[in-house]
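As structure tokens, the structure follows; a few thoughts come after it.
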Amino acid sequence: MLLRPRPFLLQALAPLPFSRSPLAVRRTLSAHAAEAGAASRGDAAPPARTRHKNSRKAVPPGVSVNTALFFPPGVERDAAVAAEMLIPGSNIVVGPYAGDARVKEAEFIKCSAHARDCPKDDRPEFAVLGRSNVGKSSLINALTRRKEAALTSKKPGKTQTINHFLINKSWYLVDLPGYGFAAASKSARMDWSSFTKGYFLNRDTLVGVLLLVDASIPPQQIDLDCANWLGRNNVGLTFVFTKCDKVKKGKGGRPDENIKEFQENISSLYPEPPPWIMTSSTTGLGRDGLLLHMSQLRNYWDNEAI
Ligand SMILES: Nc1nc2c(ncn2[C@@H]2O[C@H](COP(=O)(O)OP(=O)(O)OP(=O)(O)O)[C@@H](O)[C@H]2O)c(=O)[nH]1
Ligand SMILES: [Mg+2]
């Protein structure tokens, strides 16, 4: 099997040739952000002036360039970053590997009961992980724009196997069973540890994990534990905050406050800020940005394979 580098680990070891001049970096990244953003929306490339205007407009209120940023492969960590280089509602800088992020085709391939049963080809994949009911299957449906590609339910514990969806015949999105569902019946409650940990530790084609965190509730210890475990085992992850459309009254009811508190909790776990993005499968918030982020990790993986 072809061994491929994990982007988060290798970017520190092998920075790619990229201009050190802040101005040049700024220009290159802006153009990339605008072009790739247009590609992910399925737009034809607009003229330069319009591109600039659109990318500016896309920067959400409340995301400051002073946020601890995630620098993707190919971008120097000390690069000057303009607001339009950020993916809206995230701390993610768009770099030179960002590319066509459109989902043209999505095909369910198989469900696997064990990591060893997963597809054995060389295609890169992203695993979607999180507590039961956090919105993993809904996110897959939102990303693929298929209503029922992955089955969803109000009842936690719906997804019980590792489910592979092939995107554009070139990469996989993987729906995983949720963790932390204590109330499940014995038959429905699998041994999450042996079942999925084997997958994370042995899956050579895993580009990264999308760790979903419910932004409509305060931080949960089990999510922090999971982030900690992935970090300790060098599994690159992106925090995907779900249900950002849900605002409840009272303490702990505001997604932006919950996200801030969660980030404060995890900041000590990581030497470098991990990427994070706000999403809602109900409104489509963050969909294009997340696809764009995945495109830059994937393209790096494809192009820099050993
Ligand atoms: N308001 C809102 N509800 C959501 C969102 N995403 C998911 N939901 C709801 O949350 C519930 C659980 O969604 P699923 O996608 O089945 O969650 P899951 O993480 O796949 O759950 P398991 O398979 O049981 O682990 C469903 O009722 C969804 O409609 C969102 O972004 N906003
Ligand atoms: Mg599910």
Side-chain angles (χ1 to χ4, degrees), residues 60 88-90 103 106 108-113 118 125-165 172-197 199-200 209-220 222-223 225-227 230 237-250 252-259 262 276-291 293:
S90 83
V103 173
F108 172 71
I109 298 296
K110 73 177 290 197
C111 59
S112 312
C118 292
E125 68 190 38
F126 290 90
V128 181
L129 175 67
R131 267 184 321 112
S132 288
N133 231 27
V134 69
K136 299 177 292 298
S137 302
S138 303
L139 181 77
I140 288 182
N141 292 342
L143 292 176
T144 58
R145 290 223 164 98
R146 308 289 189 283
K147 272 203 178 120
E148 295 226 332
L151 296 181
T152 65
S153 167
K154 280 198 170 107
K155 281 193 198 158
K158 178 75 181 168
T159 308
Q160 291 291 313
T161 48
I162 303 174
N163 299 328
H164 276 76
F165 295 87
Y172 289 114
L173 259 177
V174 186
D175 194 11
L176 292 174
Y179 54 75
F181 179 38
S185 67
K186 204 169 173 201
S187 59
R189 187 178 54 207
M190 20 134 257
D191 179 357
W192 190 87
S193 297
S194 60
F195 184 79
T196 25
K197 280 186 182 173
Y199 166 84
F200 292 118
V209 172
L210 307 180
L211 179 55
L212 273 52
V213 176
D214 188 340
S216 70
I217 54 173
Q220 306 286 300
I222 196 161
D223 292 329
D225 292 345
C226 182
L230 291 169
L237 59 75
T238 298
F239 289 103
V240 176
F241 292 103
T242 62
K243 308 192 185 183
C244 290
D245 58 288
K246 266 180 143 180
V247 181
K248 296 177 207 145
K249 281 190 186 143
R254 283 192 43 188
D256 54 339
E257 287 173 4
N258 295 331
I259 290 172
F262 188 87
W276 59 263
I277 184 163
M278 296 167 73
T279 67
S280 162
S281 299
T282 307
T283 66
L285 176 79
R287 175 192 182 268
D288 291 352
L290 181 54
L291 285 171
H293 171 57

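As the structure lists them, so they are numbered: ligands from 1, and atoms in each ligand from 1. All residue numbers in this chain count up from 1 along the given sequence. A quick note: this is a predicted structure, and the numbers were derived from the prediction, not measured.
For ligand 1, the atoms lying closer than 4.0 Å to a non-hydrogen atom of S138 are 6 (N), 7 (C), 13 (O), 14 (P), 15 (O), 28 (C). Heavy-atom contacts of G178 reach the following atoms of ligand 1: 25 (O) (cutoff under 4.0 Å). For ligand 1, the atoms sitting less than 4.0 Å from at least one non-hydrogen atom of K246 are 1 (N), numbered in the order shown with element in parentheses. Every atom of ligand 1 is numbered from 1 in the order shown, and the set under 4.0 Å from a heavy atom of K136 is 15 (O), 17 (O), 18 (P), 19 (O), 20 (O), 21 (O), 22 (P), 25 (O). Within ligand 1, counting atoms from 1 as listed, the ones closer than 4.0 Å to a heavy atom of D245 are 1 (N), 2 (C), 30 (C), 31 (O), 32 (N). Remark: ligand 1 atoms within the under-4.0 Å shell around heavy atoms of S137 are 15 (O), 20 (O).
The shortest N or O to N or O distance between D175 and ligand 1 is not below 3.5 Å. Considering backbone and side-chain atoms alike, T242 places every N or O at 3.5 Å or more from each N or O of ligand 1. At a 3.5 angstrom cut-off on N or O pairs, C244 does not count as close to ligand 1. Taking only nitrogen or oxygen atoms, main chain and side chain alike, T282 reaches within less than 3.5 Å of ligand 1.
Taking 4.5 Å as the limit, every side-chain heavy atom of K243 sits out of range of all side-chain heavy atoms of P255. Proximity of L285 to M278: side-chain heavy atoms (C-beta onward) are separated by under 4.5 Å at one or more points.
At a threshold of 2.8 Å, the Mg ion (ligand 2) has no backbone or side-chain N, O or S atom of S138 nearer than that distance.
Once rounded to the nearest 0.5 Å, the distance linking OG1 of T283 with NZ of K246 reads 13.0 Å. Note that CG of L143 and CG of L291 are 5.0 Å apart. Values are rounded to the nearest 0.5 Å. Here the CG atom belonging to L212 is positioned 10.0 Å from the CZ atom belonging to F241, to the nearest 0.5 angstrom. To the nearest 0.5 Å, atom CG of residue L211 and atom CG of residue L237 are 6.0 Å apart.
At least one heavy atom of V134 sits under 4.0 Å from some atom of ligand 1. At least one heavy atom of S280 lies less than 4.0 angstrom from ligand 1.
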Exercise for the section: Please report the C-alpha distance between L129 and L230 in whole Å, then the side-chain angles of each, then the deciding distance to 0.1 Å, and finally whether the side-chain contact (heavy atoms from CB on, under 4.5 Å) criterion is met. Expected result: CA-CA 11 Å; L129 175 67; L230 291 169; 4.0 Å; yes
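If you check the side chains of S90 and H293, you find no donor sitting under 3.5 Å from an acceptor. A donor and an acceptor atom, one from each side chain of Y179 and D223, are located under 3.5 Å apart.
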